[in-house]
Amino acid sequence: MSAAPEGRLHVVDGDTFDVGAVRVRLHAVDAPEAQQMCGGPGAPTWACGAWVSGEVRARYEGRWAVCTQTDTDRYGRIVARCLIAGQDMGAALVSDGLAFAYRQYGWDYDLEEKAAVVAGRGLHGSGVQSPAEYRKAARPRPQSPAVAGCAIKGNLSKRGAIYHLPGQAFYDGTRIDPSRGERWFCSEAEAIAAGWRRAQR
């Protein structure tokens with residue numbers, strides 16, 4: 001990769017920044033989501049995502065960053081290692097317990113995280129769930145039909161009464177709420193007879 005974004009840094013969240021006019025996601029680092037809460041059994045719940053974003057903003061907002069691209073993610077953002085005053089941002093954030101080593105994408109900061117855990121620095125000083133586990137838990141789980149085999153989803157929206165077939169684009173993301181009059185159908189003929197129309201995709 002040859003791109004090297006360089007410029008004033010604006011903090012979006014704990015691991016994502018605008019460097020000049022370029023959106024950059026730090027390589028091999030994963031910080032809590034902005035809305036993520038930490039804590040749990042035996043530890044008070046607290047807004048760790050907002051705290052991390054604030055700490056990173058206090059350190060780096062407006063400073064000059066020099067980045068080296070390593071990849072492009074599925075959202076079209078440049079993934080890069082970034083230096084501020086010669087210091088590797090990823091190493092600093094993980095070492096101080098403000099982010100996790102994202103080993104799925106690289107082992108660059110494995111030792112920094114282990115040292116932060118042992119010392120109880122930052123997020124490691126209280127009950128914390130990794131951002132990856134938090135995102136996984138937050139994903140909507142597939143909804144099972146009320147009657148086995150009746151898997152067509154009848155959804156009410158601004159466009160009217162629409163049914164979604166398994167495999168269509170919005171099927172998995174559509175939730176059925178019977179309290180709103182939404183329902184499951186066993187066949188397209190049943191849905192059409194009830195006055196519902198098929199989703200376009």
Side-chain angles (χ1 to χ4, degrees), residues 1 3 5 10-19 21-40 45 47-50 52-53 56 67 69-80 90 99-107 123 127-201:
M1 298 290 179
H10 168 67
V11 176
V12 177
D13 60 26
D15 54 29
T16 306
F17 315 95
D18 288 332
V19 178
V22 179
R23 180 64 52 94
V24 173
R25 172 74 160 77
L26 278 185
H27 167 73
V29 165
D30 201 14
E33 299 298 315
Q35 71 276 18
Q36 185 171 339
M37 303 296 289
C38 293
T45 301
C48 59
V52 165
S53 295
V56 174
C67 303
Q69 182 176 0
T70 61
D71 202 352
T72 301
D73 71 11
R74 59 179 175 163
Y75 303 108
R77 299 175 300 189
I78 285 177
V79 178
F100 294 81
Y102 209 174
R103 296 175 181 86
Q104 179 180 344
Y105 295 101
W107 288 73
L123 295 166
V128 63
Q129 182 181 40
S130 78
E133 290 171 350
Y134 171 83
R135 290 190 295 270
K136 183 177 179 180
R139 289 190 197 113
R141 297 181 180 179
Q143 226 179 348
S144 299
V147 178
C150 299
I152 298 173
K153 294 180 176 180
N155 176 242
L156 295 173
S157 71
K158 293 178 181 178
R159 297 190 298 267
I162 298 172
Y163 66 87
H164 299 264
L165 300 172
Q168 285 192 292
F170 298 107
Y171 182 86
D172 290 339
T174 297
R175 312 294 291 175
I176 298 305
D177 182 358
S179 70
R180 296 182 59 238
E182 296 176 334
R183 53 183 289 199
W184 297 88
F185 294 104
C186 301
S187 69
E188 283 196 78
E190 180 189 359
I192 292 168
W196 301 62
R197 61 184 176 85
R198 180 174 177 169
Q200 292 182 343
R201 56 194 180 101

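In this structure, R159 has no salt bridge (Lys or Arg N to Asp or Glu O under 4.0 Å) partners at least two apart in sequence or on a different chain. Take E190 and apply the side-chain hydrogen bond (donor to acceptor under 3.5 Å, both in side chains) test, not counting sequence neighbours, and it matches R183. Considering only residues two or more places apart in sequence or on other chains, Y171 meets the ring pair (Phe, Tyr, Trp, His ring centres under 6.0 Å) condition with none of them. For R201, there are no side-chain hydrogen bond (donor to acceptor under 3.5 Å, both in side chains) partners at least two apart in sequence or on another chain. With sequence neighbours excluded, no residue forms a ring pair (Phe, Tyr, Trp, His ring centres under 6.0 Å) with F17. Listed by chain and residue number, D13, R57 satisfy the side chain to side chain contact (heavy atoms under 4.5 Å, CB included) test with S53 (two or more places apart in sequence, or in another chain). Listed by chain and number, the residues in a salt bridge (Lys or Arg N to Asp or Glu O under 4.0 Å) with R198 are E188 (sequence neighbours excluded). With sequence neighbours excluded, the residues satisfying salt bridge (Lys or Arg N to Asp or Glu O under 4.0 Å) with D73 are R77. Contacts of A47 classified as side chain to side chain contact (heavy atoms under 4.5 Å, CB included), with partners at least two apart in sequence or in another chain: M37, A50. Taking F100 as the reference, H124 meet the ring pair (Phe, Tyr, Trp, His ring centres under 6.0 Å) condition, with sequence neighbours excluded.
Side-chain atoms of E182 come within 3.5 Å of backbone atoms of L156 as a donor-acceptor pair (strictly under, hydrogens ignored).
When all heavy atoms of P178 and I176 are compared, the pair lying nearest together is CD-O, 3.5 Å. Contact record, G14 with V52: CA-CG1, 4.0 Å, taken as the closest heavy-atom pair. Here the closest heavy-atom approach between residue S187 and residue I152 is recorded as C-CD1, 3.4 Å. Closest approach of H27 and V79 over heavy atoms only: CA-CG1, 3.7 Å. Among all heavy-atom pairs drawn from G195 and A161, the shortest one is O-CB, 4.3 Å. In this structure, P131 and Q36 approach most closely via the heavy-atom pair CA-OE1, 3.7 Å.
The shortest distance between side-chain heavy atoms of P5 and I78 falls below 4.5 Å. Residues K153 and W184 are in side-chain contact: their nearest non-hydrogen atoms beyond the backbone lie under 4.5 Å apart.
Of the inter-residue distances, the one linking F185 atom CZ with W196 atom CH2 reads 5.0 Å to the nearest 0.5 angstrom. C48 SG to L123 CG: the interatomic distance, rounded to the nearest 0.5 Å, is 6.0 Å.
A salt bridge (charged side-chain N to carboxylate O under 4.0 Å, His left out) check over residues 21-32, counting only residues at least two apart or in different chains, returns the pairs D15-R25, D18-R23, R25-D30, D30-R135.
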